[in-house]
Q: 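Shown below is the structure under consideration.
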Amino acid sequence: MKICTLSSGSKGNCTYVESGGCALLIDQGLSLRELERRATEVRLDLAKVRMIAVTHEHIDHIKGVQAFCDKYGVEAFISPLSAAAAYRKYAVTSIVQTPSFDTGIALDEMYITPFRVHHDAAYTVGYQIEDGKKIFCAATDLGYVTASAGKRMSKADAVLLESNHDKFMLENGKYPYALKLRIAGREGHLSNDDAASVGVKLVQAGVKRLILAHLSQDNNTPPTAYNTVVSAMTAAHIVQGRDVMVDIAYQSEPSLITEIV
């Protein structure tokens, strides 16, 4: 299984997952032109994409979904509640019809299973993707990690996990007080400290790669997120580069294509 984060943050989210020559996108919050530019930069073949799995209806996750579906002739896997709650401008009309969204869907040799996470949207989910060999989980836009979501992620080989903000930077930053409360709340976004605590537990359960995602441009920096998580792992006697690989997903540029081994 190969993964590539094409964008991660409040200006657009999109993650490419491929197995056996078939691929899907988790979210598509970029313009179609920008997505194609970034895919070309890292030599991804978007013609392999056969579905978009949408986590929720916020613009940074859904903005470019329908445009991609129209051009590439694919459909989106999205909860009915999220589809109904999307702004009309970004409405998704090409939707995979399934008896039950929550039971998941097969895509060639991959099986995609949604799992609920807590965020202030109609029906926010993370995704587990397995191909019979490896398991990848993606969970961003969550105020806290529930026991059920943590259990799901602990079975993965690699996890894309939100590490949105540094608590000190958020508290002392320029955002209005109400927005600060929203971000730090139980239906907001996961802090670096929370990501570190969750990350330690995931690695102790067997996760070998952790990708820190959805970093705030105003209330975080890549070194801050990375150092917070790695320091917590060091304190737990987990060695970066030996026991786990910790990476960062960036807003403005795609990551390298990573094969989960």
Q: Using every non-hydrogen atom in the two residues, find where His56 and Ser82 come nearest and quote the distance to one decimal.
A: CA-OG, 3.8 Å
Q: Does the plane of the ring in His214 sit parallel, tilted or perpendicular to the ring in His189? Use 30° and 60° as the thresholds.
A: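 Geometry flag for His189 against His214: tilted rings.
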Q: For Tyr177, which fellow cluster members are found when Ile, Leu, Val, Met, Phe, Trp and Tyr are connected by side-chain heavy-atom distances below 4.5 angstrom, either directly or through intermediates?
A: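 Cluster partners of Tyr177: Leu181.
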Q: Between Leu210 and Gly199, what is the shortest heavy-atom contact and its length?
A: CD2-CA, 4.0 Å
Q: Kindly determine whether Ser79 and Val125 satisfy side-chain contact (heavy atoms from CB on, under 4.5 Å), including the steps that lead there.
A: CA-CA 9 Å; Ser79 79; Val125 299; 5.7 Å; no
Q: Less than 4.5 Å apart, any side-chain heavy atom of Leu46 and any of Lys71?
A: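 Contact flag for Leu46/Lys71 side chains = no.
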Q: Rounded to the nearest 0.5 Å, what separates atom CD1 in Ile129 from atom CD1 in Ile26?
A: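 Taking CD1 in Ile129 and CD1 in Ile26, the distance rounds to 3.5 Å.
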Q: Can you tell me how far apart NZ (Lys89) and CD1 (Ile62) are? Round to the nearest 0.5 Å.
A: 13.5 Å
Q: What residues, two or more places apart in sequence or in another chain, satisfy ring-ring contact (aromatic ring centres under 6.0 Å, His included) together with Tyr72?
A: Phe68
Q: Would you please name every residue forming a ring-ring contact (aromatic ring centres under 6.0 Å, His included) with Tyr90, sequence neighbours left out?
A: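 By the ring-ring contact (aromatic ring centres under 6.0 Å, His included) rule, Tyr90 matches no residue at all.
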Q: The test is side-chain contact (heavy atoms from CB on, under 4.5 Å); show your working for Lys48 and Cys22 and say whether it passes.
A: CA-CA 5 Å; Lys48 293 181 179 180; Cys22 172; over 6 Å; no
Q: How many angstroms lie between atom CG of Asn219 and atom CG of Asp166, to the nearest 0.5 angstrom?
A: 8.5 Å
Q: Any donor-acceptor pair under 3.5 Å linking the side chain of Glu130 with the backbone of Tyr111?
A: no
Q: Check whether any side-chain N or O of Glu57 sits under 3.5 Å from a backbone N or O of Ala84 as a donor-acceptor pair, and report yes or no.
A: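 Looks like no, no N/O pair under 3.5 Å.
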Q: Restricting to pairs with a member in residues 234-243, which pass side-chain hydrogen bond (donor to acceptor under 3.5 Å, both in side chains), not counting sequence neighbours?
A: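 Found Tyr226-Gln240.
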Q: Can you list the steps and then say if Leu6 with Leu35 is a side-chain contact (heavy atoms from CB on, under 4.5 Å)?
A: CA-CA 7 Å; Leu6 289 157; Leu35 173 66; 3.6 Å; yes
Q: Does Asp60 use its side chain to pair, donor to acceptor, with the backbone of Gly29 at less than 3.5 Å?
A: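 Side chain of Asp60 to backbone of Gly29, a donor-acceptor pair under 3.5 Å: no, none is there.
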Q: Once rounded to the nearest 0.5 Å, what's the spacing between atom CZ of Arg33 and atom CZ of Arg37?
A: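 Between atom CZ of Arg33 and atom CZ of Arg37 there are 11.5 Å.
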Q: Do Leu25 and Ile78 land in one hydrophobic cluster if side-chain heavy atoms of ILVMFWY residues count as linked below 4.5 Å?
A: yes
Q: Any link between Ile95 and Leu24 through a network of hydrophobic side chains (Ile, Leu, Val, Met, Phe, Trp, Tyr) touching at under 4.5 Å?
A: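 No, Ile95 does not connect to Leu24 through the hydrophobic network.
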Q: Is there side-chain contact between Asp141 and His61, with heavy atoms separated by less than 4.5 Å?
A: yes
Q: In this structure, would Phe77 and Val92 fall into the same cluster of hydrophobic residues linked by side-chain contacts under 4.5 Å?
A: no
Q: Could you give the distance from CZ (Phe168) to CG (Asn220), rounded to the nearest 0.5 Å?
A: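 Interatomic distance, Phe168 CZ to Asn220 CG, rounded to 0.5 Å: 13.5 Å.
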Q: I'd like to know if the side chain of Asp247 reaches the main chain of Arg209, judged simply by a donor and an acceptor atom lying under 3.5 Å from each other, with no hydrogens or angles considered.
A: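 Pair absent, no side-chain N/O of Asp247 close to backbone of Arg209.
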Q: Does a side-chain heavy-atom distance below 4.5 Å link Val74 with Met51?
A: no
Q: Quick check, are the ring centers of Tyr127 and Phe136 under 6.0 angstrom apart?
A: no
Q: Return yes if some donor-acceptor pair links the side-chain N/O of Ser7 with the main-chain N/O of Gln251 below 3.5 Å, else return no.
A: yes
Q: With side chains defined as the heavy atoms from C-beta onward, is the minimum distance between Met1 and Asp157 less than 4.5 Å?
A: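 No, their side chains stay 4.5 Å or more apart.
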Q: Which heavy atom in Ala249 sits nearest to a heavy atom in Thr5, and how many Å separate them?
A: CB-OG1, 3.6 Å
Q: Can you give me the closest heavy-atom contact between Glu162 and Gly188, atom names plus distance?
A: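 Smallest interatomic distance, heavy atoms only, reads OE1-O, 4.5 Å.
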Q: Report, as yes or no, whether the 6.0 Å neighbourhood of atom NZ on Lys180 holds more than 12 heavy atoms from other residues, nucleotides or ligands.
A: yes
Q: Starting from Val229, can I reach Leu161 by hopping between I/L/V/M/F/W/Y residues whose side chains sit under 4.5 Å apart?
A: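 Per the 4.5 Å side-chain linkage, Leu161 and Val229 are co-clustered.
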Q: Looking at residues at least two apart in the chain, or sitting in another chain, which of them share a side chain to side chain contact (heavy atoms under 4.5 Å, CB included) with Ser94?
A: Gln66, Cys69, Asp70, Glu75
Q: Does a side-chain heavy-atom distance below 4.5 Å link Asn164 with Leu215?
A: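 Contact flag for Asn164/Leu215 side chains = no.
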Q: Transitive ILVMFWY cluster of Ile135 at side-chain heavy atoms under 4.5 Å: who else is in it?
A: none
Q: Using side-chain heavy atoms (C-beta onward) and a distance below 4.5 Å, is His119 in contact with His58?
A: yes
Q: So do the side chains of Leu81 and Phe101 get within less than 4.5 Å of each other, counting heavy atoms only?
A: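 No. Closest side-chain heavy atoms not under 4.5 Å.
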Q: Quick one, Asn13 and Ser8 - any side-chain contact, counting heavy atoms below 4.5 Å?
A: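 Yes; the side chains approach each other to less than 4.5 Å.
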Q: Which pair of non-hydrogen atoms, one from Gly150 and one from Val145, has the smallest distance, and what is that distance?
A: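 Between these two residues, the closest heavy atoms are N-CG1, 3.6 Å.
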Q: Taking all non-hydrogen atoms of both residues, which atom of Ile112 and which atom of Ala53 are closest, and how far apart?
A: CG2-CB, 4.5 Å
Q: Go through it in stages, so that I can follow the logic: the residues are Leu107 and Ile105, the test is side-chain contact (heavy atoms from CB on, under 4.5 Å), and I'd like the CA-CA distance, side-chain angles, deciding distance and then a yes or no.
A: CA-CA 7 Å; Leu107 184 67; Ile105 189 170; 5.8 Å; no
Q: About how many Å separate CZ of Arg182 and OH of Tyr175, when rounded to the nearest 0.5 Å?
A: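 It is 10.0 Å, given to the nearest 0.5 Å.
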Q: According to a 4.5 Å side-chain heavy-atom criterion applied to Ile, Leu, Val, Met, Phe, Trp and Tyr, with indirect links allowed, do Ile257 and Ile3 form part of one hydrophobic cluster?
A: no
